[in-house]
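Shown next, in structure tokens, is the structure this report addresses.
Sequence positions, counted from 1, serve as the residue numbers for this chain.
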Amino acid sequence: MTGKKANAVFIISVILTLAISLWGILLPDSFGVAANGSMNFLTTDFGWLYAVAMTLFVVFCVWIGFFSKYKNVPLGPDGSTPEYSDVAWFAMLFSAGMGVGLVFWGVAEPLNYYLAPIGGIEAATPEAMRFAFTKSFLHWGIHPWANYSVLALALAYMQFRKGKPALVSSVFIPLIGEQRTQGGIGKLIDILAIFATAGGIATSLGLGVLQINSGMHFLAGVPETHMVQLILIIVLGIIYIATAVAGVEKGISVVSNLNIRIAIVVMILLFAVGPTVPILNNLVEGTGAYLSSLVSNTFAVGAFGDAPWYKSWTTFYWAWWIAWAPFTGSFVARISKGRTIGEFVKGVMLIPAAFSIIWFAIYGTLGMQTDLSVMKEAVASTSTALFIVLQHYPLGFIISIILFVLICTFFITSANSATYVLGMYSEEGTLNPTNKTKIIWGVLMGALAAAMMLGNDNGLSMLQTLSIVAAFPFAFIMLFSMVSLVKALASERKEKEALPEAELPAEEAPAQE
């Protein structure tokens, strides 16, 4: 029976993904109208829901990881230890959770806000700079990582503590029972998880290839054509499928460690050759502005003005991070066995957020310290904004080449970890999916990205929009996952409190005076 369930989920997910993609390729106008209409409806009528949900994720993570009586519960049997070192763990979760997006938006996003602020702020002024860093830190700070933590924590607890399959549906066993999660409700949840993951990753692969091609054109004059992009998808596809097949230890972890090392080296180089003092000033004051306005900015949806801006940026980001939660949450859970709930939350929510804030402080300052004409050129060409700005700094060409390599490695780690997760979802939640399934999903993701890029000028943006629309139910899934996790933890604690002291594990027995 379980084999049939896994097969049904896999087949339905593949058919649904292909059908939607063919719709976008063969009937792009109809697809665009439907996708944009749905997206406009969600961001207009449910912007408040996204804001409330993201806030609750942060509050929940802070409570359960820092203050709750469950913070010392391990994600595994009592006495278990982490499966991966802290460095390897952080490198993998960071590469999967942010990846190429940091490189893509590191310069472009702060400059967009700096040159076109809202709320009556004049462009290219100190107040505009404050606005730019506050919003960039908000969108890439603790909120996306709290969003990932909620689902990842529930998944890791059910997988490693309770021995349940690595499926999103397993999270709901404490609420609706194991029988229902193995029935139609569970299948629907798992199909939505696969579809949201597939759409998000296919879009990211396409955007990554566009930036790689733009970088090649800017640095070496390689033409920006469909043929070049197709070749890139094939070459990079072979690499990310090979590393996914190699597994977490021999493939994904190796590339992720390379990622984080390159990223840190580049940050140090840019800090040294760039405007060092302004970077430090912007980091310190920007962080203060971000933290002091955290509550008001988190709840801002444009009710008192500038609604189109919030729909395009903040609400879009909240929806996009939720769309990525099934993939990133599952992968983060997969690599977090043996860590306590407190250690998990602190590591997943705070460390990557701090890294992202430092990243945007450095890259945003680099952009804002150039001439206005350079800034306008960078904003007009998002995919090459980074390279446009770096050419105005010492060692800019060399650093651009290193960053080009980083874009490629981030691309590979996002794709191979997603391929691995899709394999897990397709095979009953096994932690070690077969190579055949990983190869099928790896090829399918590359093919979908290529088809949308070659078949429709707006295909990638439409697929991105569609993935967010499809992932809308995950806002509710994740809200209920918090309730389900607390119910499971409370039930476990109640069971242990009923045991005689002599039967408690050593670390949970009351300390002797």
Side-chain angles (χ1 to χ4, degrees), residues 2 5-21 53 57 96-97 144 147-159 164-173 175-176 178 180-204 244 319-336 414-415 417-431 433 437-438 440-442 444-445 448 463-464 466-482 484-485:
T2 55
K5 174 189 173 184
N7 189 49
V9 169
F10 174 66
I11 291 174
I12 293 172
S13 301
V14 169
I15 291 174
L16 180 61
T17 304
L18 284 172
I20 294 294
S21 299
F57 298 156
N147 159 74
Y148 295 151
S149 296
V150 164
L151 191 59
L153 184 58
L155 281 165
Y157 177 82
M158 295 306 296
Q159 290 170 35
K164 303 303 179 182
L167 296 169
V168 176
S169 56
S170 296
V171 171
F172 292 89
I173 292 174
L175 283 183
I176 62 176
E178 197 151 3
R180 287 192 178 93
T181 60
Q182 292 179 352
I185 296 175
K187 288 181 182 180
L188 177 61
I189 292 171
D190 294 331
I191 289 169
L192 285 172
I194 291 179
F195 181 59
T197 299
I201 292 303
T203 306
S204 295
W320 184 237
W321 296 136
I322 290 174
W324 268 64
F327 148 55
T328 306
S330 294
F331 186 74
V332 170
R334 167 65 181 83
I335 61 176
S336 299
S414 292
S417 50
T419 300
Y420 200 95
V421 166
L422 287 168
M424 291 165 54
Y425 284 158
S426 301
E427 294 184 0
E428 289 188 59
T430 176
L431 296 181
T437 303
K438 288 185 283 187
I440 289 173
W441 275 116
L444 184 57
M445 291 304 91
L448 290 178
L463 189 55
Q464 184 181 41
L466 181 68
S467 66
I468 291 175
V469 173
F472 176 67
F474 268 90
F476 300 97
I477 288 173
M478 291 167 65
L479 287 169
F480 281 110
S481 73
M482 295 188 292
S484 186
L485 176 59

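Contacts of Leu479 classified as side-chain contact (heavy atoms from CB on, under 4.5 Å), with partners at least two apart in sequence or in another chain: Ala53, Leu56, Phe57, Met482. Qualifying side chain to side chain donor-acceptor pair (under 3.5 Å) partners for Ser149, counting only residues two or more places apart in sequence or in other chains: none. A search for ring pair (Phe, Tyr, Trp, His ring centres under 6.0 Å) contacts involving Phe476 returns Phe472, not counting sequence neighbours. Looking at residues two or more places apart in sequence or on another chain, you find no side chain to side chain donor-acceptor pair (under 3.5 Å) involving Ser170. For Ile191, the side-chain contact (heavy atoms from CB on, under 4.5 Å) criterion is met by Val9, Ile12, Ser13, Leu16, not counting sequence neighbours. Applying the side-chain contact (heavy atoms from CB on, under 4.5 Å) criterion to Leu444, with sequence neighbours excluded, gives Val14, Leu18, Trp441, Leu448. Shown here are the side-chain contact (heavy atoms from CB on, under 4.5 Å) partners of Pro433, two or more places apart in sequence or in another chain: Tyr420, Met424, Glu427, Thr430, Lys438.
A donor-acceptor pair under 3.5 Å is formed between the side chain of Thr181 and the backbone N or O of Glu178. A donor-acceptor contact shorter than 3.5 Å links the side chain of Ser484 to the backbone of Val171.
When all heavy atoms of Tyr425 and Leu167 are compared, the pair lying nearest together is O-CD2, 3.7 Å. The shortest non-hydrogen separation linking Ala156 to Ala333 is N-CB, 3.7 Å. Annotation for Ile173 and Met158: closest pair CB-CE, 4.1 Å, computed over non-hydrogen atoms. For the residue pair Ala475 and Ile322, the shortest heavy atom distance occurs at N-CG2, 3.8 Å. Closest of all the heavy-atom pairs between Ala166 and Leu431 is CB-CD2, 3.7 Å. Among all heavy-atom pairs drawn from Ala193 and Pro326, the shortest one is O-CB, 4.0 Å.
Separating the OG1 atom in Thr328 from the CG atom in Leu151 is a distance of 9.5 Å, to the nearest 0.5 Å. Taking CZ of Phe331 as the reference point, atom OG of Ser336 lies at 9.5 Å (rounded to 0.5 Å). Atom OG of Ser169 is separated from atom CD of Gln182 by 8.5 Å, given to the nearest 0.5 angstrom. Taking CD1 of Ile440 as the start and OG1 of Thr419 as the end, the distance is 12.0 Å to the nearest 0.5 Å. With values rounded to the nearest 0.5 angstrom, Asp190 atom CG is found 14.0 Å from Phe10 atom CZ. The OH atom of Tyr157 sits 11.0 Å away from the NZ atom of Lys164 when rounded to the nearest 0.5 Å.
Contact of the Met478 side chain with the Asn147 side chain is registered, since non-hydrogen atoms from C-beta on lie closer than 4.5 Å. You'll find the side chain of Phe172 reaches within 4.5 Å of the side chain of Ile477, heavy atoms only.
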